Colleague: 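Starting off with a structure, shown below.
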Amino acid sequence: MSETAEPDEASGASETAGAKQGTRRFDDSLLSVRNLDAGYGDLQILTDIDLDVRDGEYVTIVGPNGAGKSTAMKSVFGLTNRMAGTVTFDGTEITTTEPEDVIHLGLGYVPQNGNIFTSLSVQENLEMGAYILDDVPEGALEAVYDRFPILRERMEQEAGKMSGGQRQMLAMGRALMLDPDLLLLDEPSAGLAPDLVDDMFDRIDAINDDGTAVLMVEQNAKEALRRCDRGYVLVDGQNRYEDAGEALLNDEQVRRDFLGG
Amino acid sequence: MGVNDTYSRGRELLIADPVRAALVLALVVLLLDLVRQLVFGQVPVSQFVVLLKDGLMRGLFFGLAGIGLSMTYSILNFANFAHGDFITSGAFSGMIVTYIIAGGFGAEADIGSLALVGAGGSVFGAQLGIGVASTPLAVLGGVIAAALFTILLSLFIDRTVFEPIRDRSGITLLITSIGVAFVLRYLIAFIFDPSRRGVTDSNAVPSTDILVYDGFVSVDLHEVSLLVVSVLLMLGLHLLLQRTKLGKAMRAMSDNEDLARITGIPTERVIRYTWIIGAGLTGVAGYMFVIWNGTLHWFQGWILLLPIFAAVILGGIGSVYGAIVGGLVIGLTMSVSIVWVPTGLARASAFLVMILMLLVRPSGIFSGGSTA
């Protein structure tokens, strides 16, 4: 139970000055996670986690290795054992919803590993992204191809034969096929060549600018905080800090403890 | 220059991969020897063509029956040892329907005998004149019944046996499937009696002799039927996998089950269709094999399972196309090998080929290809 649990009017920036320990809660969230305990099997990783993503917001989760960042994201999508607390998306409680049903509600998820069907063609990967629809939505397909023109060029290619950056684009494209309200991205820059990392972040900015809320886990914490609206710092499976990205980035203590000075 | 290139490439291969080089050498020696035997008439060309035809028939059957095995492996992640007895079940169920239709629904003999129940041999297939040409409706009914019954059987077994232990390891499922195999096999033996029976009327099968160089090769309608049915079903499956949403979902699931789930692919439904398609093809394969082969007995599928496994592993387990190619390789090897080895070693030589190929390509011809 957070001590700072007073629900604020979601006016944005300045409820607290600087990054204080603790986590604000918002009333008008698209996604809200409350007091969540979760893990794998009997192993509990997360304790009493709060997370909010408002409509169109760009939120990142940073923190040291093993802090439970990816677990938090997987819990939203129903891929962990949720032991206590609630997850609500767009007014619907999805705490116990199976992943194959969560996707119907407007959530898209791009896992860090194994996020494309390697033996299917690029086009088929995108078609699978819209599996739950009766027909492949031509508009969405065109939008993905316009966003990532390289995918149009490689449309017939076997996805497993593409480079890391192209795979990441395909994985995002797949998740965008249903035009989700919230896109969950797990370490989108992992394994990319340094010169591609900036490009990837630009593309995520563009997706967010087009109105899709983004919740991202990133090990490249500085860059992620620089670009996002708001950030969470998780430590040992618990909320430690929450504030605007810039505020976290400029906070002495956060920088010293989590951003390498 | 070209010759030099070939020499140096050969030398490199010899050093880098002596096993492969030895295999290539052995293959070349065998081919040259085959040419020698054909040229000097030790093996008449027509007889060799008969061997090829025979191997093709076997290969098509292995391929068709192997598809189901490979599909269950790739989607459900276990080697299904009950697969051979699915083949037998398909053959028996189809044959019963064929007998009943050909026997005029009890007009020619009592219905129990027509249903093959109990002390076998009271009605011979030859008595009813069973054949693709003589009793086409009965055979058609048999094909459909074989497919339907095998599908229902597999769905029933999946629901009662495999579904409750879906999340266990592949080994648990494999051992369970061995148990299922025993149950099915001995149920069949118990109900239908363990005799071997002739089911077709070989005199009623139209055949034609084709002159091939130095002799005649006979081709009969049952061989043509096996060829046509296998090729059509394989083509149909190919179109299903590449063109339809279900087929793509099956390939997606065999590729990456976790991702399939978070993409919203209803995995249990895909598993059900995997059984339906795999078992349907298996049932038809079993029935067509019996029509082609002319005999029916209770452990037929079990005997055939071994070369089918060899075919599927050779092709790259989990790959549908690998099963087809592997089936053809194993089938052709089994029949052509008797140019060099005694008939009794034909099967052994097919397995030898499998082992040797796996030395070169440990994960099979279509390695890593999953169902794609």
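This is a predicted model, so every value here is computed, not measured. Letters go in sequence order (proteins before strands), and every chain restarts at 1.
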Colleague: Report yes or no: does Arg34(A) contribute a side-chain atom to a donor-acceptor pair with the main-chain N or O of Val87(A) at less than 3.5 Å?
Modeller: no
Colleague: Could you tell me which portion of Glu98(A) (side chain, backbone, both or neither) has an atom closer than 4.5 angstrom to a non-hydrogen atom of chain B?
Modeller: neither
Colleague: Ring centres of Phe309(B) and His83(B) under 6.0 Å apart?
Modeller: no
Colleague: Of Thr47(A), Thr86(A), Asp48(A), which meets side-chain hydrogen bond (donor to acceptor under 3.5 Å, both in side chains) against Asn35(A)?
Modeller: Asp48(A)
Colleague: Non-hydrogen atoms of chain B under 4.5 Å away: do they reach the side chain of Phe77(A), the backbone, both or neither?
Modeller: side chain
Colleague: Assess the side chains of Glu187(A) and Ser70(A): does a donor N or O sit below 3.5 Å from an acceptor N or O?
Modeller: no
Colleague: Under 4.5 Å from any heavy atom of chain B, what part of Leu79(A) do you find: side chain, backbone, both or neither?
Modeller: side chain
Colleague: Check whether Leu133(A) gets within reach of chain B through its side chain, its backbone, both or neither, counting any heavy atom under 4.5 Å.
Modeller: backbone
Colleague: Using a 4.5 Å cut-off on heavy atoms from C-beta on, say whether the side chain of Val33(A) contacts that of Val76(A).
Modeller: yes
Colleague: Pick one of side chain, backbone, both or neither for Asn113(A), based on which atoms fall under 4.5 Å of a heavy atom in chain B.
Modeller: neither
